[in-house]
Amino acid sequence: MRRVRAYAPGRVNLIGDHTDYTGGFVCPMAIDLGTTVEGQTGGAVVRLTSADESDEAFVPLTGVDPLAMQPPWARYVAGVVSVLRPTVGFTGHVHSTVPPGAGLSSSSALTVALALALGFEGSPVELARLCQQAEIAGSGVPGGIMDQLTAAAGVEGHALLIDCSNLAITPVKVPLAAEVVVVHSGEQRRLVGSAYAERRAQCEAASAIVGPLRTAALGALGAIDDEVVLRRARHVVTENARVLAFAGALGAGDLSAAGRLMVESHISLGDDFEVSTPALDALVDRLVGMRGVYGARLTGAGFGGCVVALADARAVDRGVGWHVRPMGGATRS
Ligand code: GLA
C-alpha cells in the first residue's frame with residue numbers, strides 16, 4: 001500500500017472551440033482551479049468518495065460498463081479504470097474547486113488526476129490520449145483532446161497554442177496585465193451530448209466534401225450544398241485562423257486585437273455553429289460593454305455554461321465570476 005496524491009487543473013479555452021476534433025487549433029490555458037485525488041493503493045476495486053457527491057464511486061478493476069455505472073460521476077472513474085486497466089485498486093477521496101457543468105472541464109481534471117493516482121506512467125500527450133478515451137467511455141460523447149491535454153500539459157503563466165493535428169504545443173505568454181475572468185451564464189449546460197455529436201458529424205460531412213477543414217480555404221466551402229453543413233465548416237475554417245491570430249496578438253501583448261478576435265469567435269459560434277444561447281449572448285454583451293474589457297466569448301462546448309473575458313486587472317469586480325491565472329499541468333506526489 002502506498003499513499004498517493006494527484007492533482008490536475010481545470011481549463012478555460014481562450015479561443016478555438018469545436019476545432020480540436022477536426023485537427024484544428026485551440027488556445028486554452030490550465031487554471032488555478034483543480035481537482036485532487038488522494039488516497040492509498042491496494043485491493044481489487046477503486047473506491048472514491050467526493051466532497052461534492054453524496055454517493056461514493058465503487059468500481060471493480062475488471063468487467064464494468066462505464067456507461068451503466070451509478071452514481072453518474074462513477075462513470076468517469078470507471079472510464080479511467082476501463083482504459084488504464086490498473087492491476088491494483090485504490091481507496092481515496094476527491095476534492096475539487098472546479099465548478100461542475102460550467103465548461104471548465106471538471107471531468108478532465110478528475111480523469112487526469114485519477115489516472116495519475118492509479119499509477120499512469122507516460123508523457124503528458126499519452127496521459128491526455130488515455131483520459132480522452134476514458135471520458136468518451138464514461139460519457140458516450142465523442143469529445144476532442146483539448147481539455148485533457150491542457151490539464152496534463154499546462155504551463156504556468158502561459159496559454160497553450162495546440163495544433164490538434166499533431167498535438168504540438170506552443171506556450172504563449174499571457175501578459176501580466178491581462179486578467180482572465182470566467183463568468184457563469186446561470187444556465188447549466190444541456191443537450192451537450194447529442195448536439196455535440198451532431199456538430200462533429202456535420203464537420204465530418206464537410207470534410208468528406210472539401211478535405212481536412214484545417215487546410216480548406218474559405219472559398220472552397222462553396223462546394224458544400226447543405227447550408228447547415230456549410231455554416232459549420234465556415235465556423236471551423238474561420239476559427240482556426242482566429243486562433244492563430246489570437247496567439248500572435250496575445251504573445252505580443254496586444255490585448256485589444258486579442259479581445260476583438262474573441263468577440264468574432266463568439267459571433268461565429270452563435271451564427272454559424274449554433275452553440276450559443278440568449279443568456280450567453282447577453283453575458284458577452286454585458287462584459288464587452290464594460291470599460292477595460294477587451295473581449296468575451298462563450299467557452300467550451302456551449303449550450304450554456306460559462307463566458308470567458310479578457311480584461312484589464314481591475315475592470316471586472318473581484319466578486320464577479322472566477323478570476324483565473326494560467327497554471328502548470330497535472331502533478332503526482
Ligand atoms: C468540449 C470537448 C472538447 C472541445 C470543446 C469545444 O469541451 O471536450 O474536446 O471539443 O467541447 O471546443
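This one's a predicted model, so the numbers in the text were calculated from it and none came from an experiment. Order of appearance sets the numbers: ligands from 1, and atoms from 1 within every ligand.
- Of the heavy atoms in Arg11, only side-chain atoms (C-beta onward) come closer than 4.0 Å to ligand 1.
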* Asked: Do Glu274 and His235 pass the side-chain contact (heavy atoms from CB on, under 4.5 Å) test, and can you show the C-alpha distance, the side-chain angles, and the key distance before you say yes or no?
  -> CA-CA 10 Å; Glu274 293 181 279; His235 164 71; over 6 Å; no

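- Within ligand 1, counting atoms from 1 as listed, the ones closer than 4.0 Å to a heavy atom of Tyr21 are 10 (O).
- Side-chain atoms of Arg325 and Glu179, non-hydrogen and from C-beta on, do get closer than 4.5 Å to each other.
- For the atom pair OG of Ser265 and NE2 of His18, the computed distance is 10.0 Å after rounding to the nearest 0.5 Å.
- Taking distance alone, with nitrogen or oxygen atoms compared against 3.5 Å, Asp20 approaches ligand 1 more closely than that limit.
- The nearest heavy-atom contact from the protein to atom 7 (O) of ligand 1 is Asp147 OD2, 2.9 Å.
- For atom 12 (O) of ligand 1, the closest non-hydrogen atom on the protein side is Asp17 OD1, 2.5 Å.
- Of the inter-residue distances, the one linking Asp20 atom CG with Asp147 atom CG reads 7.0 Å to the nearest 0.5 angstrom.
- Thr111 and Gln148 share no donor-acceptor pair across their side chains, judged by distance under 3.5 Å alone.
- The distance from ligand 1 to the heavy atoms of Met146 drops below 4.0 Å at these ligand atoms: 4 (C), 5 (C), 12 (O).
- Within the listing of ligand 1, atoms 6 (C) sit less than 4.0 angstrom from a heavy atom of Gly300.
- The shortest distance between side-chain heavy atoms of Arg297 and Val308 falls below 4.5 Å.
- Atom CG of Leu310 sits about 8.0 Å away from atom OH of Tyr294, to the nearest 0.5 Å.
- The shortest N or O to N or O distance between Gly144 and ligand 1 is below 3.5 Å.
- The shortest heavy-atom distance from Glu239 to ligand 1 is not under 4.0 Å.
- Considering backbone and side-chain N/O atoms, Thr19 never comes within less than 3.5 Å of an N/O atom of ligand 1.
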